[in-house]
K.L.:
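Next up is a structure, given as structure tokens.
The sequence lines fix the lettering, A, B, ..., with proteins before strands; numbering per chain opens at 1. Note that the structure is a prediction, hence the values are computed from the model and not measured. Any value given below was found using the heavy atoms of this structure, including those in side chains, with hydrogens, waters and symmetry copies removed.
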There are 2 protein chains.
Amino acid sequence: MTGCSSIFADIPSRLPAELCQTLHAAPTARIERIVSRGHASAPDDWYDQAEDEWVIVLQGRARLAFADRAVLEMRAGDYLLIPAHCRHRVDWTDPDTETVWLAIHLESKSTSV
Amino acid sequence: MTGCSSIFADIPSRLPAELCQTLHAAPTARIERIVSRGHASAPDDWYDQAEDEWVIVLQGRARLAFADRAVLEMRAGDYLLIPAHCRHRVDWTDPDTETVWLAIHLESKSTSV
């Protein structure tokens, strides 16, 4: 066993675009770090993912919007499951600090699409 | 979309034993919250898991020990992958505050045991 890494390390001082990094890729799940600083989805740009995504905010603040018009304010520690094909977008992230997300993309065995 | 939960909420004020709660169970992965307060594995009590485990400390401090004698100090934000059958134990957790872990137990498709 060699050591551990910090989810808060190696964040570039400039973030022209949202930073997405795969921390671990397993056959059935992918664990990803996302770092935002004021980034948001373009208006009317909706994620419509084939897989369930379990996501937690570890630092910073964000707001998710859903196609059913629900809006979710999230801060450090807040998590939720975004089911496959639940259309959503990142409406806002804190422009004054890095928002660090941990996202777990879960392969759905039962998906036959 | 109904809302999100906080990983730091609903921690009992007394923790006679380590608290393990499944936050999400998918066919191929299980996401678990573990809360420790001074808890540790019994001496010579080693975890030897059939699945890979990706784990991150979200609050508090902990020390993991491995069968190869490696010792790992972990604090908030530190993460690692513990491969299947990598024998390890929780050597120490902070007795003065809750240590909150997020553990992702990953089914290994290639495991034929």
K.L.:
Give the cluster check for A:Phe8 versus B:Ile7: same hydrophobic cluster or not, with ILVMFWY residues linked at side-chain heavy-atom distances below 4.5 Å.
P.N.:
yes

K.L.:
Under 4.5 Å between side-chain heavy atoms, hopping through other hydrophobics if needed: is there a path connecting B:Trp46 to B:Ile34?
P.N.:
no

K.L.:
Any link between A:Leu19 and B:Tyr79 through a network of hydrophobic side chains (Ile, Leu, Val, Met, Phe, Trp, Tyr) touching at under 4.5 Å?
P.N.:
yes

K.L.:
Between A:Ile31 and B:Leu81, is any pair of side-chain heavy atoms under 4.5 Å apart?
P.N.:
no

K.L.:
Give the C-alpha distance, both sets of side-chain angles, the deciding distance and a yes or no for side chain to side chain contact (heavy atoms under 4.5 Å, CB included) between B:His24 and A:Leu106.
P.N.:
CA-CA 11 Å; B:His24 182 68; A:Leu106 297 158; 3.6 Å; yes

K.L.:
Show the nearest heavy-atom pair for residues A:Cys4 and B:Met74, with the distance to one decimal.
P.N.:
SG-CG, 4.1 Å

K.L.:
Hydrophobic clustering (ILVMFWY, side-chain heavy atoms < 4.5 Å, transitive) - are B:Trp101 and A:Val100 grouped together?
P.N.:
no

K.L.:
For A:Tyr47, does the OH atom sit with more than 12 other heavy atoms under 6.0 Å from it, leaving out its own atoms?
P.N.:
no

K.L.:
What residues of residues 54-72 of chain B make heavy-atom contacts with chain A at a cutoff under 4.5 angstrom?
P.N.:
B:Trp54, B:Ile56, B:Leu58, B:Phe66, B:Asp68, B:Ala70, B:Leu72

K.L.:
Would you mind telling me which of B:Asp52, B:Ile82, B:Leu80 has the largest number of heavy-atom pairs within less than 4.5 Å of chain A?
P.N.:
B:Leu80

